[in-house]
Amino acid sequence: MDIKDNIEKLLSKGILKKEFYLQPTQEVAINLLGKILMTIDSDGQIIAGKIVETEAYLNANDKASHSHSGITNRNEAMFEGGGVLYVYRSYGIHHCINVVTEAKGKGAAVLIRAMEPIEGLDLMKVNRGIDDIEKLCKGPGNTAKAFGFTKIDNFRSLTSYNLFIIAGEDISENDIISTKRVGISQSKDLLLRFYIKNSNFVSRK
DNA sequence: ACTCCGATGGTCT
DNA sequence: GACCATCGGAGTG
């Protein structure tokens with residue numbers, strides 16, 4: 001299929017509006033599964049992937065959330081209100097991308113942990129320095145690197161012409177697994193990680 | 001399959 | 001100065 005046809009078909013499914021992101025964070029985390037994150041750079045190059053794994057990070061009650069002790073320089077974007085990107089550097093090496101949720105001032109977001117590459121695979125391969133499609137967006141650090149997201153993308157709107165999420169396939173509740181979140185030491189028993197059961201693109205089963 | 005560990009930097013106490 | 005919402009490679013079984 002021609003790339004342009006593919007893109008138009010994807011766009012016809014509908015760009016998610018701000019209201020989508022204002023829902024409770026846990027619901028956004030679940031509802032993001034199967035949807036397509038798409039970026040268009042200044043050269044018209046498109047990168048898109050299907051979201052297959054997410055984690056919900058809630059407000060101050062959630063000790064694992066960056067927002068748990070209030071607004072700081074790093075987490076400011078989390079308080080911006082639903083529909084923007086929150087990007088932070090992890091372990092001094094990687095970047096991780098989050099979809100900010102709920103009302104302004106809440107401090108909640110959904111971490112995008114893994115994607116299935118859809119468009120712009122060549123660019124992703126260059127960005128990652130590997131060819132294995134299954135590994136391109138496996139894990140949050142790798143996902144950000146494949147898409148080329150860095151701190152300059154912090155606060156970027158997800159309802160703009162060059163960065164947005166569109167409806168993909170509907171995922172049945174039976175095909176979603178919820179588990180404990182990865183790599184945290186606080187509030188570690190909450191089942192706030194979600195992934196598509198039969199996907200080969202998740203970071204871990 | 002696993003466990004261990006080093007790289008690396010910004011944020012917060 | 002400690003703590004990380006990580007990754008990939010090395011070593012082991």
Side-chain angles (χ1 to χ4, degrees), chain A residues 21 24-33 35 37 49 51-80 82 84-102 106-117 123-156 158 165 176-196 199-205:
Chain A
Y21 303 99
T25 304
Q26 197 166 338
E27 287 180 32
V28 177
I30 291 167
N31 291 333
L32 278 175
L33 295 176
K35 297 201 164 42
L37 174 65
I51 298 168
V52 299
E53 179 181 347
T54 61
E55 278 178 5
Y57 285 90
L58 312 179
N59 55 11
N61 304 325
D62 176 6
K63 302 271 250 178
S65 175
H66 285 174
S67 64
H68 86 271
S69 47
I71 192 163
T72 66
N73 233 353
R74 175 177 67 162
N75 66 21
E76 208 180 342
M78 285 187 84
F79 294 85
E80 189 68 8
V84 303
L85 221 50
Y86 166 44
V87 186
Y88 68 91
R89 187 180 274 278
S90 172
Y91 291 93
I93 301 164
H94 306 100
H95 290 278
C96 297
I97 58 166
N98 298 250
V99 170
V100 175
T101 58
E102 303 196 38
K106 267 281 187 175
V110 174
L111 173 66
I112 307 296
R113 283 195 55 89
M115 304 187 100
E116 174 178 341
L123 209 43
M124 288 194 202
K125 287 174 182 174
V126 171
N127 288 346
R128 289 276 287 111
I130 62 167
D131 282 337
D132 186 340
I133 294 170
E134 272 195 18
K135 292 183 178 167
L136 286 176
C137 302
K138 200 178 278 263
N142 291 333
T143 296
K145 193 172 181 192
F147 274 72
F149 285 123
T150 66
K151 273 196 90 172
I152 57 177
D153 298 300
N154 197 24
F155 280 102
R156 261 179 86 186
L158 282 160
I165 299 177
I176 297 175
I177 309 279
S178 60
T179 70
K180 297 174 184 179
R181 293 172 292 183
V182 173
I184 56 171
S185 50
Q186 304 274 316
S187 301
K188 56 165 66 146
D189 291 331
L190 300 177
L191 301 179
L192 291 175
R193 171 173 173 261
F194 308 97
Y195 66 90
I196 299 175
S199 173
N200 296 320
F201 298 88
V202 302
S203 67
R204 59 181 80 180
K205 297 281 185 178

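Numbers restart at 1 for each chain; the letters A, B, ... are given by sequence-line order, proteins then strands. Predicted, not measured: the structure shown is a model, and the values here were computed from it. Hydrogens, waters and symmetry mates are skipped; everything else that's a heavy atom, side chains included, is used.
Side-chain contact between Phe155(A) and Leu85(A) is absent, with no heavy-atom pair separated by less than 4.5 Å.
No contact: Arg193(A) has no heavy atom under 4.0 Å from any strand.
Remark: His68(A) pairs with Lys63(A) by the side-chain contact (heavy atoms from CB on, under 4.5 Å) rule, at least two apart or across chains. Residues that satisfy the side-chain contact (heavy atoms from CB on, under 4.5 Å) test with Lys145(A), not counting sequence neighbours, are Arg128(A). With sequence neighbours excluded, the residues that form a side-chain contact (heavy atoms from CB on, under 4.5 Å) with Glu116(A) are Lys50(A), Val52(A), Phe201(A). For Arg193(A), the salt bridge (charged side-chain N to carboxylate O under 4.0 Å, His left out) partners two or more places apart in sequence, or in a different chain, are Glu53(A). Considering only residues two or more places apart in sequence or on other chains, Phe147(A) meets the ring pair (Phe, Tyr, Trp, His ring centres under 6.0 Å) condition with Phe149(A). Remark: Arg74(A) pairs with no residue by the salt bridge (charged side-chain N to carboxylate O under 4.0 Å, His left out) rule, at least two apart or across chains. Looking at residues two or more places apart in sequence or on another chain, you find a side-chain contact (heavy atoms from CB on, under 4.5 Å) between Asp132(A) and Glu134(A), Lys135(A). Contacts of Glu102(A) classified as side-chain hydrogen bond (donor to acceptor under 3.5 Å, both in side chains), with partners at least two apart in sequence or in another chain: Thr25(A).
For the P atoms, the distance from dT8(B) to dA10(C) is 16 Å, rounded to whole Å. Only the C1' atoms considered, dG8(C) is 22 Å distant from dG10(B), to the nearest whole Å.
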**Message:** Base contacts versus sugar-phosphate-only contacts with protein, heavy atoms under 4.0 Å: please encode nucleotides 8-13 of chain B as B, S and - from 5' to 3'.
**Reply:** BB-SS-

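Residue pairs that meet the salt bridge (charged side-chain N to carboxylate O under 4.0 Å, His left out) test with at least one member in residues 176-185 of chain A, sequence neighbours left out, are Asp62(A)-Arg181(A), Lys180(A)-Asp189(A).
Every stem involving DNA chain C, taken as at least 3 paired positions in a row under the Watson-Crick or G-U wobble test at 3.5 Å, is listed here: B:1-7 with C:6-12, B:9-12 with C:1-4.
Where DNA chain C meets chain A (any atom under 4.0 Å from a heavy atom), the bounding nucleotides read 5' to 3' are dC4(C) to dG8(C).
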